[in-house]
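Contents: one structure, followed by commentary.
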2 protein chains.
Amino acid sequence: MPKPSPKSSGSLLSLDRQLCFAVYSTAHAFARRYKPLLDALGLTYPQYVVMLVLWEEDGLTVGDIGARLLLDSATLTPLLKRLEAAGLLTRERDPEDERRVRIRLTDAGRELRAKAESVPRAIGCATGLDLAEMERLQGELLKLRDALG
Amino acid sequence: MPKPSPKSSGSLLSLDRQLCFAVYSTAHAFARRYKPLLDALGLTYPQYVVMLVLWEEDGLTVGDIGARLLLDSATLTPLLKRLEAAGLLTRERDPEDERRVRIRLTDAGRELRAKAESVPRAIGCATGLDLAEMERLQGELLKLRDALG
DNA sequence: CACTATTAAATCGCGCACGATCAAATCGTG
DNA sequence: CACGATTTGATCGTGCGCGATTTAATAGTG
């Protein structure tokens, strides 16, 4: 008779064996944790991530942002329009190449960075992990993501 | 002068330090990998996860499913209606307690399980991880999720 | 130079995900 | 038994996320 698996009695189709579900539900758990912090900034999580990119490098095109975040223009265009409506950035065609749209922070957009400074530490505490563990886990996830991608 | 951090030159607000972004973008990478496999079954990823739950235990209420998947009725009700329209399950009020709605697989719903059997292995290969690594990473993620939760 | 191919962004449609609200059924307490 | 509180699911509005298509600008080719 075949030796039974030491862990998890179900088949490979069992929910508790799905690495993907662990990633999926952890992403939602993060979103719920971020929400009250980001509400104070008037941002959603995807908007916050776009602002992170722009705080690192301003004047990117829609495509540049999409390449960093793995999102396409169908997602970014409406999101960027909402950030523009909120007064955090401007969108204008690049005169060098009219196909491109350059995204630039406004003063309000740059000033929001100071308020956002406290967010990573608050989330970090909530994870219950120390910095080294977080970096190791992050590295494994990015490796997995790139293997999938 | 302060000793510079050995890794990652940016601040805590830098995208490449955000564990959350690693989880978020890995979840999307998984979704993209699953899509062609699930298209063959006529399911989206969230629908597939609901089917996983029902293949393990049939006759659950909407709330039972939500508790397992951490989703609420605003997400599940329309999703379940689509699965009902696809002929995979039935939705009916529990005569014992008319507030509850019992979800039951149809024959077609049960039969779909056989087709789904090949999905986890195909995904597992794409991760580039062996079973032990997958289980360890999954365990760490669930621990993180519950800490956030 | 004309013409095609490619690229960048916008648009449309659909399906989550969730906060807020609502209606109905049930439970609890007096 | 009556009546307020709780539970369960449905509904509505907003914002992603992405496949498919469209439009405009640019690059490449004969």
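Atom set for the values below is all heavy atoms of this structure, side chains included, hydrogens, waters and symmetry mates excluded. Chain letters run A, B, ... following the sequence lines, proteins first, then strands; residues in each count from 1.
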Quick one: side chains of residues 114-129 of chain A, donor-acceptor pairs under 3.5 Å with protein atoms, not counting sequence neighbours, listed by atom name and distance.
residue : atom : partner : partner atom : Å
A:E117  : OE2  : A:R113  : NH1          : 2.8
A:T127  : OG1  : A:G124  : O            : 2.6
A:T127  : OG1  : A:L129  : N            : 3.1

**OP:** Kindly state which residues belonging to residues 32-43 of chain A come within less than 4.0 angstrom of DNA chain D, counting heavy atoms of the residue only, listed by number.
**Re:** none
Donor-acceptor contacts under 3.5 Å from residues 140-149 of chain B side chains, at least two apart:
residue : atom : partner : partner atom : Å
B:E140  : OE1  : A:R136  : NH1          : 3.4
B:E140  : OE1  : A:R136  : NH2          : 3.2
B:E140  : OE2  : B:R136  : NH1          : 2.6
B:R145  : NH1  : A:S25   : OG           : 2.7

Original post:
Between B:Y24 and D:dG17, does any side-chain N or O lie under 4.0 Å from OP1 or OP2?
Top reply: yes
**OP:** Using atom CZ of A:R102 as one end and atom P of D:dA25 as the other, report the distance to the nearest whole Å.
**Re:** 17 Å
Subject >> Which residues share a side-chain hydrogen bond (donor to acceptor under 3.5 Å, both in side chains) with B:T61, sequence neighbours left out >> reply: B:D64
Subject >> Members of residues 55-87 of chain A that approach DNA chain D, where some heavy atom sits under 4.0 Å away >> reply: A:L70, A:L71, A:A74, A:T75, A:L79, A:R82
Original post:
Less than 4.5 Å apart, any side-chain heavy atom of B:R82 and any of B:Q47?
Top reply: yes
**OP:** Identify, between A:T44 and A:D94, the residue whose nearest nucleotide on DNA chain D lies closer to the 5' end.
**Re:** A:T44
**OP:** Just jot down the salt bridge (charged side-chain N to carboxylate O under 4.0 Å, His left out) partners of B:R104, sequence neighbours excluded, or say none.
**Re:** none
Original post:
Can you list the residues that meet the salt bridge (charged side-chain N to carboxylate O under 4.0 Å, His left out) rule with A:R91, with sequence neighbours excluded?
Top reply: A:E84
Original post:
Is the shortest side-chain N to carboxylate O distance from B:E57 to B:R68 below 4.0 Å?
Top reply: yes
**OP:** Shoot me the first and last contacting nucleotide of DNA chain C against chain B, ordered 5' to 3', at under 4.0 angstrom to non-hydrogen atoms.
**Re:** C:dG15 to C:dT26
Subject >> By salt bridge (charged side-chain N to carboxylate O under 4.0 Å, His left out) - contacts of B:D94 (at least two apart) >> reply: B:R102
Original post:
Within this structure, what is the CZ-to-P distance between B:F30 and D:dG17, rounded to whole angstrom?
Top reply: 17 Å
**OP:** Mark yes or no for whether B:Q138, through its side chain, and A:C20, through its backbone, hold a donor-acceptor pair below 3.5 Å.
**Re:** no
Subject >> Residues forming a side-chain hydrogen bond (donor to acceptor under 3.5 Å, both in side chains) with A:Y45, sequence neighbours excluded >> reply: none
Original post:
With a 4.5 Å heavy-atom cut-off, do B:R110 and B:D58 have their side chains touching?
Top reply: yes
Original post:
With ring centroids as reference points, do A:Y48 and A:Y34 lie under 6.0 angstrom apart?
Top reply: yes
Give me the distances for all protein-to-nucleotides 5-7 of chain D N/O pairs that come in under 3.5 Å?
residue : atom : partner : partner atom : Å
D:dT7   : O2   : B:R99   : NH1          : 3.2

Subject >> Residue pairs passing the salt bridge (Lys or Arg N to Asp or Glu O under 4.0 Å) test where at least one lies in residues 36-47 of chain A, sequence neighbours excluded >> reply: A:K35-A:D39
